[in-house]
Amino acid sequence: MSNKVIKIEYTLNDANTKAQLDTNVGGSPLEFITDMGQIIPGLEKELINLKTGDKTDVVVQPVDAYGEYNNEALTTLPKEQFADIELVEGMTLYGTGEAGETVQVQVKNITETEVTIDYNHPMAGKTLMFNVTILDVRPATEEEIQ
């Protein structure tokens with residue numbers, strides 16, 4: 001199967017709470033190359049056979065999106081490790097993972113002596129509902145695939 005470049009406009013809602021999580025409507029379209037792992041698999045699988053002008057709603061379960069919520073991804077650290085940061089519950093922090101990669105964590109809880117951080121993706125465990133309009137579909141060039 002040959003790679004395609006698909007350009008979309010979307011609104012993303014939490015399928016359970018109906019809360020809007022993200023949108024690019026009125027902004028820059030999202031463009032991705034199929035079969036390259038550039039977007040979550042559950043969304044790509046539903047868009048791959050559509051054509052320019054198609055509109056669709058796609059529900060993606062956590063297993064095909066950002067994974068199930070993992071309670072073991074919570075870590076409690078001494079508060080003094082965050083001495084230079086004005087901490088607020090719910091804030092996002094960026095750190096360095098074990099392999100030197102950048103990791104995003106969320107501050108879950110703050111006490112006098114400890115800070116609990118969450119390594120789960122912010123959308124882990126959520127069932128996602130995408131409202132998608134296909135703006136363009138074309139074959140990917142060799143340069144794009146590289």
| said: Run the side chain to side chain donor-acceptor pair (under 3.5 Å) test on Tyr10 and Asp22 for me, step by step, so that the C-alpha distance in whole Å, both residues' side-chain angles and the decisive distance to 0.1 Å come before the verdict. | reply: CA-CA 8 Å; Tyr10 69 91; Asp22 191 20; 2.7 Å; yes
| request: Before giving the answer on side chain to side chain donor-acceptor pair (under 3.5 Å), spell out for Asp57 and Asn131 the whole-Å C-alpha distance, their side-chain angles and the decisive distance to 0.1 Å. | output: CA-CA 5 Å; Asp57 292 339; Asn131 305 99; 2.7 Å; yes
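- Taking both residues in full, the closest heavy atoms of Asp118 and Lys108 are given as OD2-CE, 3.0 Å, listed atom of the first, atom of the second, then distance.
- Between Ile6 and Asp136 the shortest side-chain heavy-atom distance does not fall below 4.5 Å.
- By the 4.5 Å heavy-atom criterion applied to side chains, Leu12 and Thr23 are not counted as neighbours.
- Hydrophobic clustering of Ile, Leu, Val, Met, Phe, Trp and Tyr side chains at less than 4.5 Å, counting indirect connections, unites Val103 with Leu93.
- Atom CD in Glu46 sits 11.0 Å away from atom CD1 in Ile40 (nearest 0.5 Å).
- With rounding to the nearest 0.5 angstrom, the CD1 atom of Ile117 is 12.0 Å from the CD atom of Glu114.
- When all heavy atoms of Thr127 and Pro62 are compared, the pair lying nearest together is OG1-CD, 3.6 Å.
- Atom CD of Glu101 has more than 12 heavy atoms from other residues, nucleotides or ligands within 6.0 Å.
- When side chains are defined from C-beta on, Asp14 does not count as touching Met129, because their heavy atoms never get closer than 4.5 Å.
- The minimum heavy-atom distance between Gln106 and Gly90, with the atom names listed, is NE2-O, 3.2 Å.
- Closest heavy-atom contact between Glu144 and Ile33: O-CD1, 3.4 Å.
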Going by atom type alone, with no hydrogens or angles, which donor-acceptor pairs under 3.5 Å involve a side-chain atom of residues 76-87 and a protein atom two or more places apart or on another chain?
from  : atom 1 : to     : atom 2 : distance (Å)
Thr76 : OG1    : Thr116 : OG1    : 3.2
Lys79 : NZ     : Thr111 : O      : 3.4

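- Residue Lys126 holds its NZ atom at 7.0 Å from OG1 of Thr17, rounded to the nearest 0.5 Å.
- Between Leu47 and Thr56 the shortest side-chain heavy-atom distance falls below 4.5 Å.
- Residues Met91 and Val115 fall within the same hydrophobic cluster, defined by Ile, Leu, Val, Met, Phe, Trp and Tyr side chains chained together at heavy-atom separations under 4.5 Å.
- Atom NZ of Lys4 and atom CZ of Phe32 lie 9.0 Å apart (nearest 0.5 Å).
- Residues Glu44 and Asp35 form a side-chain contact, since some pair of their non-hydrogen atoms from C-beta on lies under 4.5 Å apart.
- Shown here for Ala73 and Asn120, the closest heavy-atom pair between the two residues is CB-ND2, 3.6 Å.
- Side chains of Thr11 and Gln20 form a contact here, defined as non-hydrogen atoms less than 4.5 Å apart.
- Between Ile8 and Leu135 there is no side-chain heavy-atom pair separated by less than 4.5 Å.
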| Would Glu9 and Val25 satisfy side chain to side chain contact (heavy atoms under 4.5 Å, CB included), going step by step from the backbone distance to the final call? | CA-CA 6 Å; Glu9 187 174 76; Val25 174; 3.6 Å; yes
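- A heavy-atom distance below 4.5 Å is not found between the side chains of Leu43 and Asp64.
- Here NZ of Lys7 is found 7.5 Å from CZ of Arg138. Values are rounded to the nearest 0.5 Å.
- Taking CG from Asp54 and CD1 from Ile134, the interatomic distance works out to 6.5 Å, rounded to the nearest 0.5 Å.
- When hydrophobic clusters are built by joining Ile, Leu, Val, Met, Phe, Trp and Tyr residues whose side-chain heavy atoms come closer than 4.5 Å, directly or via intermediates, Val60 is grouped together with Tyr66.
- Residues that satisfy the side chain to side chain donor-acceptor pair (under 3.5 Å) test with Asn24, not counting sequence neighbours, are absent from this structure.
- In terms of hydrophobic clustering, with Ile, Leu, Val, Met, Phe, Trp and Tyr side chains grouped at heavy-atom distances under 4.5 Å, Ile39 and Ile145 are assigned to different clusters.
- Linking Ile, Leu, Val, Met, Phe, Trp and Tyr whenever their side-chain heavy atoms come within less than 4.5 Å puts Val105 and Val88 in one cluster.
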